[in-house]
Amino acid sequence: MPANNEDIAQLFENMATLLEMKGDSVFKIRAYQRAARTIEHLSLPLSQAVAEDADLKKIPGIGKAISDKIQELLKTGKVSAYDRLVAELPKGVLDLMAIPGVGPKTAMLLTQELGLDSVDQVEAAIHDGRVAALPRMGTKAADTLLRHIQAISLRGDRTPIGDALSLAEDVIASLRAECPALGSLFPAGSLRRWEETIGDIDLIGTTSEPQQVGQALASLPVVREVLVSGPKKTSVVVEPGMQIDLRIGEDASFGAMLQYFTGSQQHNIRLRDYANHLGLSLNEYGITDLNTGQVQSFPDEASFYARLGLPYIPPELRGGIWELEAALEDRLPTLVETKDLRGDLHLHSLWSDGKDTIETMVEAVAAQGYEYMAMTDHSSGRGIANGLSNERLTEQIQLLRSMDGKYPITILCGSEVDIRADGTLDYPDDLLSELDVVVASVHSAMGQDSATMTRRIIKAMHHPAVTIIGHLSTRLLGHREPTEFDLEQVLQAARETGTALEINASPERLDLKDTHAYRARELGVPLVINTDSHHHSSIANRRFGVAVARRAWCEPKHILNTLPRDQFLRFIHTPKPERIKVFDETLLQEAQT
Ligand code: DGT
Ligand code: CA
Ligand code: CA
Ligand code: ZN
């Protein structure tokens, strides 16, 4: 297996750290860090780019030295410069830097002076006093280090965005209820950028009573520990182990503050570099003119970006890779919004494993103002309890046909059909051909090797009845790893067969993930944002799917279920693969208007 983008990013991150320990040039270190960030967020596998002889230097943040090392890694499996660096430095030094507050210098001190090469060993050495006895250390520094180590286990891993967002919304509602003097209060950081997992929750607010708001946060029943409590910042750890940082600022400079703490860090570094070239410097209070020393404040982000000569950059795009160039060249996308959606094509009812009747689901979807929907209960294949037999599906089709016309929404007959291990589908062809919408999904044999899984999915795409592939990777965030498959081949087959790919909006799934959706959009694959609702309330999850699409730089024209009803019906009623032309035509129309 060639190294994937994450491995390559990690290697450069390590490289930067090792150089920092050696005291190498700041520019070189920065360059490696920037390359790591860039690669981590690339939508295209570098292994493929290299195989196709693409010029990696065209990617912003990747110069000749780094491009050469990527080639070396992918061709030989190692990078000799990296191996030399590792050999020069003590074992375990990188592991110790996983402790917050431990930079290269401290890590070197701990490994060289005490021979420690794991976090556990450091903890033991703090307890027996060896760490405190080190030069430049002392009892106080050793205690701080111990608290950091303990906080790692207390805080646990990153939290899926679904859990983090509902927690943040609860906290915001409580603070609103308790603090009448509260002005603005928004999530910032990774939550505002809609990353799929969240390290900690950042909240940014304004108020005339900062003490009261900080106090209110610290006193919430969910708070397990108060880490920082001051007029400008309050930090707490809440059950079940998430940190919340609340920062309070002034109305007049709220824009700069929100911008600063929204990040990403990489976006802010890029923006700072760019501002420096204009003779300006940025911080959380505003923009300083380096000639006059004057600081200008901004009440909102739009005016902040405008001062830099830039259009407003939506938080979902602030990954630090392409957005600044795109903004400067005036080619930022007009991102898809929740209000653009006109249908949901993946919905379950009590007929299979849903929790509501068909009628309840139809009413709930119609209440969103949608124009069309498809009921897609499970097929009877393995893995899913209560899937519909051929007879029950026939019965459901009759029922749905009789309901259509009685509601202010077009009800389409569908099914979520299992893709069996060999790529065949769970219903006979004549039954499938009666359906308007077929979502084909993998629910079994998820451990297949990449080649088998790729063939399996592509075989399903070639079936004339398959409209959409559901939750392509089958991952469950924090619970189940994605299956292995060749993304490029799958996306190409989707395009060639005119099969749409789902962005499953369920916050446990978010599947396609953002970078895969990004690549799908680049290749012209039709995307559909579905909620896969098993309960009428889950239709609200569509916002998570819209966020994935926005992080993939999707405009309405890239999303099939933003099509008006008649155009959508024309798409599904046109046989595959010609159907793709209907999709392309709508792209064209939009580009012309
Ligand atoms: P997370 O919490 O790991 O999911 O990711 P973020 O992006 O929310 O990171 P966090 O909470 O450490 O910081 C919030 C934002 O503050 C970050 O996106 C950018 C901004 N920021 C500005 N300067 C700095 C800095 O020197 N260090 C860090 N860590 N953040 C900074
Ligand atoms: Ca954060
Ligand atoms: Ca934070
Ligand atoms: Zn489903």
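Note that the structure is predicted; figures quoted are calculated from it, not measured. Throughout, residue positions are numbered sequentially from 1 according to the sequence presented. In each ligand, atom 1 is the first atom listed, and ligand 1 is the first ligand listed.
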Student: If you measure from CG on Leu167 to CD1 on Ile244, what distance do you get to the nearest 0.5 Å?
Tutor: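 Separation between the atoms: 5.0 Å.
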Student: On the ring face of Tyr312, is Arg318 found with NZ or CZ under 6.0 Å from the centre and within 45° of the axis?
Tutor: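 Verdict for Tyr312: a cation-pi partner in Arg318.
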Student: Within the stated cut-off of 2.8 Å, is an N/O/S atom of His378 closer than that to the Zn ion (ligand 4)?
Tutor: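 For His378, the answer is no, given that no N, O or S atom comes within less than 2.8 Å of the Zn ion (ligand 4).
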Student: Just to the nearest 10 degrees, tell me the angle at the Ca ion (ligand 3) spanned by Asp202 OD1 and Asp200 OD1.
Tutor: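 Computed angle, vertex at the Ca ion (ligand 3), rounded to 10 degrees: 90°.
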Student: Report the atom name of the nearest N/O/S atom of Asp245 relative to the Ca ion (ligand 3).
Tutor: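 In Asp245, the N, O or S atom with the shortest distance to the Ca ion (ligand 3) is OD2.
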Student: Run through Val546, Val528, Leu527, Asp340 and flag the one making a side-chain contact (heavy atoms from CB on, under 4.5 Å) with Ile559.
Tutor: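 Result for side-chain contact (heavy atoms from CB on, under 4.5 Å) with Ile559: Leu527.
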Student: Which atom name would you report as the N, O or S atom of Glu416 nearest the Zn ion (ligand 4)?
Tutor: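 So the atom name we want here is OE1.
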Student: Please round to the nearest 0.5 Å and tell me the distance separating atom CG of Leu487 and atom CG of Leu472.
Tutor: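 Output value for this atom pair is 7.0 Å.
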Student: For the pair His516 and Phe485, name the ring-plane relationship: parallel under 30°, tilted 30 to 60°, perpendicular over 60°.
Tutor: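 Correct class here is perpendicular.
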Student: Between NE2 of His348 and OD1 of Asp532, what angle is found at the Zn ion (ligand 4), rounded to 10 degrees?
Tutor: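 Answer comes to 80°, rounded to 10°.
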